[in-house]
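This is a predicted model, so every value here is computed, not measured.
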Amino acid sequence: MKMSASPVENMTTLNTDLFYDILRRLDGATLASASCACAAFSSMSKEEKIWENICSSMWPSTKNDDVKTLISSIGGFKKFYADCFPLIVNKSVPDFRWSDYPEYPEELTEAEYYDRGDEDHDGVVSLSLADGIPLVTSMEQERKDGKLWHELRDGIRLSWIVVNTKTKKAANLSSWSPLGGQRHWPTEKDFLLRFGSILPAKDILPCQMVECILAMKFQVTETGVAHTTLKLTELCMQLGDMEGAHVNGRNSLLVLKEALSCDRSKNYNLALESCHLYFKVQSEIKEEKMRYETTLDRLWIFGGITAFVTLCSYFM
């Protein structure tokens, strides 16, 4: 029995439900491209339900009712995706000398500003073999092959989204993939991953740029021939300037407000490049400061020796 398919002469002859079924299976970037293909795709791609499914697939927490309400209040899921999927990019890292930094005005200490009080965290985040992490029979073996570390470094994705309901803006402060990390620290069962981005601080701080540091720590709680379990022990955000000092209080709020309007890109390499450029300038500042302090120490030593010799010659 031979079967044949008749060609489609006009897109409008296709069932609208078929269009919708096709579009709802696409990821956000592909859906945005498909919306430019024809008027039908453009119209249906504006459906909030499609973008809600995309956001819930990428960010499971958007399934929560309170988060849905928040997203609706700032313009809906399509706008939320457009704001939070691209990564923050800053390539205009200024050339600063460490001596250009004045003393910061007195502000709240980090403990005061990030005070958690007696807040009780009942939610425990853990990973097991069912989540795709490799089997770790012993920490000694993990030190040798590093399979768990490589899986965490290459497989973990993190978003840290800030929302301003007043201006109806949102931004993702994370780098999606880790920028770095450290295994077996501070104990052999601990793993540290570092995410982040470079945020503009023009007219806020002398350095004009700050690093948003997102630290994620895991601890191995169970190993063996049949089980491997990891527990998330810490997840925190800090803002730091080029000298490594924490940015707190009013300045940190101003930086976060500025981040909601800064440049972004879907190209991960551009975001990574801006981070590397910042780290390069930061390293140069630290080296210059060390050279200055070394020279100052030598001058103090030379001055002390000169004074000692002068006193000895005076009393002899």
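Both F218 and M237 belong to a common hydrophobic cluster when Ile, Leu, Val, Met, Phe, Trp and Tyr are linked at side-chain heavy-atom distances under 4.5 angstrom. Under the 4.5 Å side-chain heavy-atom criterion for Ile, Leu, Val, Met, Phe, Trp and Tyr, L192 and L152 are members of distinct hydrophobic clusters.
Distance check, rounded to the nearest 0.5 Å: CD1 of I198 to SG of C212 gives 9.0 Å. With rounding to the nearest 0.5 Å, the separation of CG in L148 from CD1 in I133 is 6.0 Å. Note that CH2 of W160 is 15.0 Å distant from CH2 of W176, once rounded to the nearest 0.5 Å. In this structure, CG in L254 is found 8.0 Å from OG in S252, a value given to the nearest 0.5 Å. Here CD1 of I54 is found 8.5 Å from OG of S57. Values are rounded to the nearest 0.5 Å. To the nearest 0.5 Å, atom NZ of residue K257 and atom CG of residue N164 are 7.5 Å apart.
Side-chain contact between V162 and L260: present, with at least one pair of heavy atoms (C-beta onward) separated by less than 4.5 Å. Using a 4.5 Å heavy-atom cutoff, the side chains of F85 and N172 are not in contact. The side-chain heavy atoms of Q219 and F191, taken from C-beta on, include no pair separated by under 4.5 Å. Residues K68 and F77 have side chains in contact (heavy-atom distance under 4.5 Å, counting atoms from C-beta outward). The shortest distance between side-chain heavy atoms of M209 and N90 falls below 4.5 Å. Looking only at side-chain heavy atoms (C-beta outward), T223 and M139 come within less than 4.5 Å of each other. Residues M58 and Y81 meet the side-chain proximity criterion, which asks for heavy atoms closer than 4.5 Å. Using a 4.5 Å heavy-atom threshold, the side chains of C262 and P200 count as touching.
The number of heavy atoms from other shown groups lying within 6.0 Å of CG (D263) does not exceed 12. Within a 6.0 Å sphere centred on NE2 of H150, other residues, nucleotides and ligands contribute more than 12 heavy atoms. Remark: K79 NZ is packed, more than 12 non-hydrogen atoms of other residues, nucleotides or ligands lying under 6.0 Å away.
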Would E273 and H276 count as a side chain to side chain contact (heavy atoms under 4.5 Å, CB included) here? Give the steps.
CA-CA 5 Å; E273 181 182 344; H276 287 167; 5.8 Å; no
Side chain to side chain contact (heavy atoms under 4.5 Å, CB included) evaluation trace for T229 with L127:
CA-CA 6 Å; T229 305; L127 298 175; over 6 Å; no
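No salt bridge links K78 with E47; every basic N to acidic carboxylate O contact stays at or beyond 4.0 Å. Look at K231 and E222 and you find no salt bridge, because none of the NZ, NE, NH1 or NH2 atoms lies under 4.0 Å from a carboxylate O.
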Side-chain donor-acceptor distances from residues 178-187 under 3.5 Å, at least two apart:
residue: R183; atom: NH1; partner: E142; partner atom: O; Å: 3.4
residue: H184; atom: ND1; partner: E188; partner atom: O; Å: 2.6
residue: T187; atom: OG1; partner: K189; partner atom: N; Å: 3.4
residue: T187; atom: OG1; partner: D190; partner atom: OD2; Å: 2.4

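Here the two rings, on F80 and W59, have centers that are under 6.0 Å apart.
A side chain to side chain contact (heavy atoms under 4.5 Å, CB included) with F195 is found for exactly one of L173, I213, I156, L235, namely I156.
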